[in-house]
> 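If you scroll down you'll find the structure; I have some questions about it.
All values reported here derive from a predicted model rather than from experimental measurement. Remember, it's 1-based here, ligands and their atoms both numbered in the order they're listed.
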Amino acid sequence: MTDLNELERDLLSQVEAAGDEAAVEVVRVAALGKKGSVSDLLKTLGTMTPEERKERGPLINGLRDRVQSAIAARKDVLAEAALDARLVAERVDVTLPVQESPEARGRIHPISQVIEELTAIFADMGFSVAEGPDIETDYLNFTALNFPVGHPAREMHDTFFLAPDENGERKVLRTHTSPVQIRTMTSQKPPIRVIIPGRTYRHDSDQTHTPMFHQVEGLVIDRQANIAHMKWILEEFCKAFFEVEQVKMRFRPSFFPFTEPSAEVDIQCSRKGGEIRFGEGEDWLEILGCGMVHPNVLRNCGLDPDEYQGFAWGMGIDRIAMLKYGMPDLRPFFEADVRWLNHYGFRPLDIPSLVSGLTS
Ligand code: DAH
């Protein structure tokens, strides 16, 4: 006859020795499973005489109960230890900075961002965007814009000339976005309302000039487009772009071959503490050139100046970007230094719109 005490000691020590829940399960099946040692003992009860059963029954049942509860207790202990181990292994330091995904780490260059801002503002006023090539003919960059051959205004543009082609024609890197005015007027019928952002080139380099820079041109041609419209548009633009309630603008008479009359526009600002602010202060800062499109330019585009008139303006994008975002030097704009981009660049999803705010 099985020695119940010995069996119990043996089973309990196996339970104790089990190192994980799977090992406990093996012991349980060996003892309490269908063919387990304890289950076998329980089966023998049926073959006993009532007296034997009276004596052995409680002993075997007691053994089964103790083994069962030892197994349950061991499983609890092991489950808790396993959980503790997992908690240690999978611990995260919530104070560590979140790792940005590559898409989130990319930055939009301030020039691209400012072009998006300009476009949003002028689109709201009914303007579309026109573009032209960086390599331009002398005719479109100068002659069609009423720069007579040999006129000193040509010299002022510090033009980059390309080598003469087979016809002896020297193309230029466009010195301004104005040639796209001609391209637009010869390819579209008035009414015309376009802005023309793009790259421009001049032989010039210092803290505020780079050989390649950006301009945005505006052009409105209609039967009655006049200076008052231009003034309103430019003021609305400046308020929206610099995100101020009011701007004061000053139109100073100036000269451009392609406009008559011509003006340079200053906006009022304060320069206290080395920081430029708009909508306050006593200083003036030049931001753009503008004027009524010269009748010769209209004629060069096949438009009758007695029927159509309009206005145009040109503005340095890099310059207004520097003013808006407080960037002191223009040269790093084009150095592709990732540290500069991280500092001054914009997040890809900061898409400017007049509804959600230009800069959020
Ligand atoms: N193209 C001129 C420049 O680069 C800027 C300019 C002035 C453009 C007056 C215009 C304008 O359209 O009307 O200096």
> Mind checking whether Phe258 contacts ligand 1 via backbone (N, CA, C, O), side chain (CB onward), both or neither, at a 4.0 Å heavy-atom cut-off?
side chain
> If you count the atoms of ligand 1 from 1 in the order shown, which ones are under 4.0 Å from a heavy atom of Thr259?
13 (O)
> Is NZ or CZ of Lys324 both nearer than 6.0 Å to the six-membered ring centre of Phe241 and within 45° of the ring axis?
yes
> Can you check which of His157, Arg202, Met292 brings a heavy atom nearest to atom 3 (C) of ligand 1?
Arg202
> So do Phe160 and Thr175 actually touch side chain to side chain, heavy atoms under 4.5 Å?
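With C-beta onward as the side chain, the pair stays apart.
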> Would you say ligand 1 has an N or O under 3.5 Å from any N or O of Gln215?
yes
> Anything under 30° is parallel, anything over 60° is perpendicular, the rest tilted; go ahead and classify His229 against Phe311.
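It falls in the tilted class, 30° to 60°.
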> Which of the numbered atoms in ligand 1 are under 4.0 angstrom from any heavy atom belonging to Gln181?
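Taking each heavy atom of Gln181 in turn, ligand 1 has 12 (O) under 4.0 Å.
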> If you measure from each non-hydrogen atom of Ser178 to ligand 1, which part falls under 4.0 Å: side chain, backbone, both or neither?
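It is the side chain that gets close, since no backbone atom is under 4.0 Å.
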> For the rings on Phe334 and His214, is their centre-to-centre separation under 6.0 Å?
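Phe334 vs His214: aromatic centres under 6.0 Å.
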> For Cys290, counting its heavy atoms only, list the atoms of ligand 1 lying under 4.0 Å from any of them.
9 (C), 11 (C), 13 (O)
> Just checking Phe242 against Phe237, ring centres under 6.0 Å apart?
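Ring centroids of Phe242 and Phe237 are no less than 6.0 Å from each other.
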